[in-house]
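Contents: one structure, followed by commentary.
Keep in mind it's a predicted model, so treat the numbers as computed, not measured. Note that these values count all heavy atoms, side chains included, but never hydrogens, waters or copies made by symmetry. Note that ligands are numbered from 1 as they come in the structure, with each ligand's atoms numbered from 1 the same way.
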Amino acid sequence: MSATQPPADLTPLPQVRRLVTSIPGPNSQRLAARLRAAAPKAAHSPTLPVFAARAGGGVILDVDGNSLIDLASGIAVTTVGASHPAVAAAVAEQVRRFTHTCFMVTPYESYIALAEQLAARYPGVPAEDVRAMFFNSGAEAVENAVKIARAATGRQAVVAFDHAFHGRTYMALAMTAKAKPYKAHFAPFPAEVYRGPASYPYRDGLSGEAAAQRWIEHVETQIGAANVAAVVLEPIQGEGGFLTPAPGFTKAIVEWCHRHGAVFVADEIQSGIARTGDFFAIEHEGVTPDLITVAKGIAGGMPLSGVVGRAEIMDAAGPGGIGGTFGGNPAACAAALAVLDAIERDGLRQRAREIGATLTAGLRALQAADARIGEVRGRGAMQAIELVDPASQAPDAALAKAVAGHAIGHGVATLTCGSYGNVIRFLPPLTISDALLTEAIGVLGEALAAV
Ligand code: PLZ
């Protein structure tokens, strides 16, 4: 236990924004200096300049006693709230029974129960025809979805989209669009990974059908339909800027996949697990994906990911063909079962829709008074504003950085994103109160006025 880490206080955190030092305070500054000395440059620039002591509900308490409103959820992970009591209890209970056996060595029931629960929620396929397998990180799930799709089709080409983010391991990184900071200096990347144009209605002005037609022509002329093993799409592109495709885009892509025997993979790592108001964001599109990747919100902060999908495709990887030491760790499975239970019991899908309505109304009101907000977009508790030069619509990354920085300095944690770095995204835990949400939007308005 260090000087900045008092013994765990388990009383619920007061749901308030309260600054008792400037941001960052002295304890955070001391930890930042230690971080710079202990870890390499790649780890030196966390989004928040403060270090966490506790988090819960809709707030993060830092090591100087500042209480910040959390509109980030650790990048869409603590969807049911950080240290949700039922999740914490399930993990504590499980680690007293056993911490690990390796599911490939000595299996256990919670893994099976989790696979059953996800099968029951899979859109468009009866539960008995769905299978699920578990891994550790989002990137690992993406890698395995590609392996499964290649095995199932006997084909090689993997098609991702402009603005895509799929992770930082090599295959996932090859599929990720943005050069800096993700890909620069790390080439070469795996072969047979291609990219097609996405739907970005604010910038391309295309209908969903027209954007899909553009993608189809690109794929058919430059890759060849018969070569495509997998098409991997985020139903709402996350790191790329919360790009919400024009209506009909996703449906046309999925139909193309099914006409040509390609596996359609919905990467729901950021958009899934009740975040958008549906359990999976793809449900909104009325299509049936072949595979879905999950991670982040599934286990309330414990590292767990998975690939869920149609049995006939999932079974293409033979016994022992995919796996890993920690995949489906028992504490993570216990946490995930508690998360799914909390989503049902606490009505969190509905809550995500309510948060979406509050955020949209608040952000649209800011937009009405400020032409630098080019677009308010998203679904449910996955909303963003795109900041631009009002005259030219050119992306204004400096403004996004300044507004987010001002908000953090005043006790509201947000994240930026976007291929052009000019988007501020809002991913509150679904347990946040309306009062905190409204207060946070107010701080954002002050930040816009101040910079
Ligand atoms: N697919 C859609 O959003 C992770 C990445 C943050 P991992 N997004 C946050 C960063 O800078 O690395 C993500 C995602 C989508 C895959 C991933 C990868 O998930 O758990 O980070 O590997």
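For atom 21 (O) of ligand 1, no protein non-hydrogen atom is found at a distance below 4.0 Å.
Here Arg150 does not pair with Glu192 in a salt bridge; the nearest charged N to carboxylate O distance is not below 4.0 Å.
In terms of polar-atom proximity, defined here as any N/O pair under 3.5 Å, Asp267 does make such a contact with ligand 1. Residue Gln270 places at least one N or O, backbone or side chain, under 3.5 Å from an N or O of ligand 1. Considering both main-chain and side-chain atoms, Gly138 comes within under 3.5 Å of ligand 1 through a nitrogen or oxygen pair. Looking at Ala139 next to ligand 1, an N or O pair under 3.5 Å apart turns up.
Within ligand 1, counting atoms from 1 as listed, the ones closer than 4.0 Å to a heavy atom of Ile75 are 6 (C), 9 (C). Using a 4.0 Å cut-off to heavy atoms of Ser137, the atoms of ligand 1 that qualify are 20 (O), 22 (O). Distances below 4.0 Å separate heavy atoms of Glu234 from the following atoms of ligand 1: 2 (C). Contact atoms of ligand 1 toward Arg168: 10 (C), 11 (O), 12 (O) (distance under 4.0 Å to a heavy atom of the residue).
In summary, the aromatic rings of Phe249 and Trp215 are positioned with their centroids too far apart to meet the 6.0 Å limit. In this structure, the ring of Phe326 has its center less than 6.0 angstrom from the ring center of His100.
Under the 4.0 angstrom criterion for non-hydrogen atoms, Lys296 is in contact with ligand 1.
Side-chain contact between Asp64 and Phe51: absent, with no pair of heavy atoms (C-beta onward) separated by less than 4.5 Å.
Of the candidates Asn136, Ile269, Val294, the one placing a heavy atom closest to atom 17 (C) of ligand 1 is Ile269.
Seen from the ring of Phe189, Lys183 counts as a face-on cation partner, given the 6.0 Å and 45° thresholds.
Among Asp278, Ile282, Val130, Thr288, the one residue that satisfies the side chain to side chain contact (heavy atoms under 4.5 Å, CB included) test with Pro123 is Ile282.
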### Query
Val308 and Met314: side chain to side chain contact (heavy atoms under 4.5 Å, CB included), yes or no, with the steps?
CA-CA 8 Å; Val308 195; Met314 293 291 291; over 6 Å; no
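Using cut-offs of 30° and 60° for the angle between ring planes, the Tyr182 and Phe165 rings count as perpendicular.
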